[in-house]
Amino acid sequence: ASFLGAIQDRHIGRAIDLMHENIAHDWNLAELADAASVSRSVFSERFRRMVGTPPMIYLARWRMMKARELLVDTGLPLAEISERVGYSSEFAFSKAFKKNLGETPGEVRKSASLAH
């Protein structure tokens, strides 16, 4: 897996760009494959091989990394951060955040405020 190779690939790179540019969009596999101009099966296999993870897992992790940045670097309310990274409810966002990063959004924000 080579992320640099993936972003330079005209098909996979296009999908990654879209995920990064429109993080809050409710992406699905068919839509990303269509944007990459390949079938869903080709897209999934190629993405996984090049990036090292399936596309929807990559998107979830990307969202959590961006959310973590917003929690640490801004004072935005949790509802706004949730919305910015593609979650329609704070509850769903908080649950996904804890599952992916092992700590709650509140714990991250508290740690960040103690460090400053």
Go through the steps to decide whether F43 and I12 satisfy the test side-chain contact (heavy atoms from CB on, under 4.5 Å), and finish with yes or no.
CA-CA 7 Å; F43 176 72; I12 303 305; 3.7 Å; yes

Partners of E80 by salt bridge (Lys or Arg N to Asp or Glu O under 4.0 Å), sequence neighbours excluded?
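Residues passing salt bridge (Lys or Arg N to Asp or Glu O under 4.0 Å) with E80: R84.
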
State which residues pass salt bridge (Lys or Arg N to Asp or Glu O under 4.0 Å) with R109; sequence neighbours excluded, sorted by chain then number.
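R109 satisfies salt bridge (Lys or Arg N to Asp or Glu O under 4.0 Å) with no other residue.
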
Closest approach of M19 to P55 (non-hydrogen atoms, all atoms of both residues):
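Closest pair (atom of M19, atom of P55, distance): SD-O, 4.2 Å.
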
Quick one: closest heavy-atom pair of L18 and A35, and the distance?
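Taking every non-hydrogen atom into account, CD1-CB, 3.3 Å.
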
If you look only at pairs with a residue in residues 5-23, which of them pass as a salt bridge (Lys or Arg N to Asp or Glu O under 4.0 Å), with sequence neighbours excluded?
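As it turns out, the salt bridge (Lys or Arg N to Asp or Glu O under 4.0 Å) pairs with a partner in residues 5-23, which skip direct neighbours, are D9-R46.
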
One pair to check against salt bridge (Lys or Arg N to Asp or Glu O under 4.0 Å): K66 and E69. What are the steps and the verdict?
CA-CA 5 Å; K66 297 310 286 181; E69 282 179 22; 3.0 Å; yes

Could you grab the distance from atom [atom1] of [X] to atom [atom2] of [Y], nearest 0.5 Å is fine?
{"X": "M50", "Y": "L4", "atom1": "CE", "atom2": "CG", "result": "9.5 Å"}
{"X": "L78", "Y": "L70", "atom1": "CG", "atom2": "CG", "result": "10.5 Å"}
{"X": "S111", "Y": "E107", "atom1": "OG", "atom2": "CD", "result": "7.5 Å"}

What residues, two or more places apart in sequence or in another chain, satisfy side chain to side chain contact (heavy atoms under 4.5 Å, CB included) together with [X]?
{"X": "R61", "value": "T53, I57, N100"}
{"X": "R68", "value": "V72, F97, L101, E103, V108"}
{"X": "E45", "value": "R48, R49"}
{"X": "S39", "value": "S41, V42"}

Using a 3.5 Å cut-off and no angle test, enumerate the donor-acceptor pairs between side-chain atoms of residues 26-33 and protein atoms at least two apart in sequence or in another chain.
{"residue": "W27", "atom": "NE1", "partner": "N22", "partner atom": "O", "Å": "3.0"}
{"residue": "N28", "atom": "OD1", "partner": "A30", "partner atom": "N", "Å": "3.1"}
{"residue": "N28", "atom": "OD1", "partner": "E31", "partner atom": "N", "Å": "2.7"}
{"residue": "E31", "atom": "OE1", "partner": "H25", "partner atom": "NE2", "Å": "3.0"}
{"residue": "E31", "atom": "OE2", "partner": "H25", "partner atom": "NE2", "Å": "2.9"}

Report the C-alpha separation of V51 and I16 in whole Å, then their side-chain angles, then the decisive distance to 0.1 Å, and conclude whether the side-chain contact (heavy atoms from CB on, under 4.5 Å) test is met.
CA-CA 10 Å; V51 177; I16 291 171; 4.0 Å; yes

Listing, residues 87-94 side-chain donor-acceptor contacts under 3.5 Å, not counting sequence neighbours, or none:
{"residue": "S89", "atom": "OG", "partner": "A92", "partner atom": "N", "Å": "3.0"}
{"residue": "S94", "atom": "OG", "partner": "E90", "partner atom": "O", "Å": "3.0"}

H20: which residues meet the ring-ring contact (aromatic ring centres under 6.0 Å, His included) condition with it, sequence neighbours left out?
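Expected list: Y58, W62.
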
Tell me, please, which residues at least two apart from Q8 pass side chain to side chain donor-acceptor pair (under 3.5 Å).
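Q8 satisfies side chain to side chain donor-acceptor pair (under 3.5 Å) with no residue once adjacent residues are dropped.
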
Between H11 and S37, does a side-chain contact (heavy atoms from CB on, under 4.5 Å) hold up when you go through it step by step?
CA-CA 7 Å; H11 302 287; S37 302; 4.3 Å; yes

